[in-house]
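Worksheet: the structure to be examined is printed underneath.
Excluded from the calculations below are hydrogen atoms, water molecules and symmetry mates; all remaining heavy atoms, backbone and side chain alike, are included.
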Amino acid sequence: MPRRQPPLPRYLRILFGARRMLGALMSTALVFGTAASVDAFYSNVKTPSDRIAAVSGQSVELAGTLEEASIDSSLALRIVVSPATDRIVVNGTRFEPRRFSEGVAWRTTLTLMPQLPSGLYGVSVSVTENSSVHLPTPKIDLDVFPSEEALDAASPSFLMRHAGLNPLSTAVRTLLFALLAGFSWWTLRFYTRAQLRKRGYLRIYHAKPDGDDTLLYCLDSDRRVEAGEPYPVLTAAGQTLGTAFLLERESRYCVLKLTSARARAGCMVALT
């Protein structure tokens, strides 16, 4: 029967499991976040810049700039909706100077009454300066839907149609989660490696069969593995799998040969 060494402390085994889980979560989040980014880009390309989709009962904010207007002049906003309806109400129009260039920025809110029929409405916005000069702005198509479900079903976004998820916010959140998981993974990696070195172990990061033997690849930047010395190879639970000897060494890495036995990545080489 193979003899048993004292197993690793429970907290280290838990940390190794947590690191594996974080790696899986990071990979999944990267894949999903990348897919959501592509979906958001596709949705943005397929959606005309002058079209706004909304649901009856909601409010829509419109904004624009006037390159040649002055904030000191008397400005008034004129909005024409076609087909004409009294169930689109204009609220809260504001004019303010642009921060980094000349001109005026305008902003207004359209409230869509719950009784507003669904369909496509044309919204023409123009600004009157000093009661005489009309400064037109591009026409906007307002696509009104009866419900959020109908709005999602008509979206060019795959995530919006099938899951009701905004692809851009989903991409940002999942990629941020992947970044956090990756940072945690690397933190655990350095911590567990330091704890193994402190306790006299080298973790096997790669194992390759070599006939009846197994080649073990370890990080040994401190060069503690010596030629000709036997080193027990253990599982995380402390069971001895066999004895390994140094086969070759590079600047930071070493290769050991485990004779007549099998081991896998995640096992350890006991140095003491």
Side-chain angles (χ1 to χ4, degrees), residues 29 31-69 71 74-99 103-129 131 133-177:
V31 172
F32 190 73
T34 302
S37 301
V38 173
D39 189 42
F41 176 77
Y42 176 79
S43 177
N44 185 63
V45 169
K46 298 295 289 185
T47 302
S49 59
D50 58 351
R51 174 169 291 195
I52 299 176
V55 176
S56 299
Q58 293 183 345
S59 295
V60 176
E61 188 176 80
L62 304 180
T65 58
L66 303 169
E67 301 289 345
E68 300 177 0
I71 193 64
S74 178
L75 299 172
L77 195 68
R78 181 172 181 266
I79 296 178
V80 177
V81 178
S82 59
T85 178
D86 60 354
R87 292 172 179 169
I88 298 180
V89 182
V90 180
N91 294 314
T93 300
R94 302 196 307 273
F95 295 95
E96 53 191 25
R98 300 178 67 185
R99 294 184 178 180
V104 175
W106 62 268
R107 192 179 302 274
T108 189
T109 301
L110 301 182
T111 301
L112 313 182
M113 305 300 289
Q115 303 84 5
L116 178 66
S118 57
L120 189 63
Y121 294 84
V123 180
S124 298
V125 182
S126 60
V127 179
T128 302
E129 184 177 26
S131 303
V133 180
H134 292 276
L135 304 173
T137 61
K139 182 179 178 181
I140 299 168
D141 289 330
L142 182 61
D143 205 355
V144 180
F145 293 87
S147 64
E148 291 283 357
E149 292 74 14
L151 176 62
D152 294 346
S155 173
S157 165
F158 178 86
L159 287 176
M160 187 69 77
R161 287 197 311 272
H162 296 279
L165 297 176
N166 183 295
L168 182 58
S169 61
T170 300
V172 171
R173 290 173 183 173
T174 52
L175 291 176
L176 284 176
F177 177 80

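Here CG of Leu120 is found 9.0 Å from OG of Ser82. Values are rounded to the nearest 0.5 Å. Rounded to the nearest 0.5 Å, atoms CD (Glu148) and CE (Met160) are 8.5 Å apart. Between the CG atom in Asp50 and the CD1 atom in Ile140 there is a gap of 8.0 Å [rounded to 0.5 Å]. The CZ atom of Arg161 sits 12.5 Å away from atom CG of Leu151, with the distance rounded to the nearest 0.5 Å. Atom CG of Leu165 and atom OG of Ser155 lie 11.0 Å apart (nearest 0.5 Å).
In plain terms, the two heavy atoms of Phe145 and Ala154 that are nearest each other are CE2-CB, 3.6 Å. Across Ser37 and Leu175, no two heavy atoms sit closer than the pair OG-CD1, 3.8 Å. Across all their heavy atoms, Asp141 and Gly122 have their closest contact at OD1-CA, 4.3 Å. For the residue pair Ser118 and Pro146, the shortest heavy atom distance occurs at CB-CD, 3.7 Å. For the residue pair Thr47 and Pro156, the shortest heavy atom distance occurs at OG1-CG, 3.6 Å. Residue Leu142 comes nearest to Ala54 through the heavy atom pair CD1-CB, 4.4 Å, listed as atom of the first residue, atom of the second, then distance.
Side-chain contact check for Thr109 and Asn91: no donor-acceptor pair (N or O, by modelled atom type) lies under 3.5 Å.
In this structure, the ring pair (Phe, Tyr, Trp, His ring centres under 6.0 Å) partners of Phe158, at least two apart in sequence or on a different chain, are His162. Under the side chain to side chain contact (heavy atoms under 4.5 Å, CB included) criterion, Ile79 pairs with Leu77, Val81, Val90, Thr108, Leu110, Val123, Val125, not counting sequence neighbours.
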Exercise. Starting from the C-alpha separation in whole Å, work towards a yes-or-no answer on side-chain contact (heavy atoms from CB on, under 4.5 Å) for Ile52 and Leu62.
Key: CA-CA 9 Å; Ile52 299 176; Leu62 304 180; 3.4 Å; yes

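Looking only at distances, a side-chain donor or acceptor of Asp39 sits under 3.5 Å from a matching main-chain atom of Leu159. Put simply, the side chain of Arg87 never gets that close to the backbone of Met113: no donor and acceptor are under 3.5 Å apart. A distance-only check finds no donor-acceptor pair linking the side chain of Arg107 to the backbone of Ala63 [under 3.5 Å]. Counting only distance, with no hydrogens or angles, the side chain of Ser147 and the backbone of Ala150 share a donor-acceptor pair below 3.5 Å.
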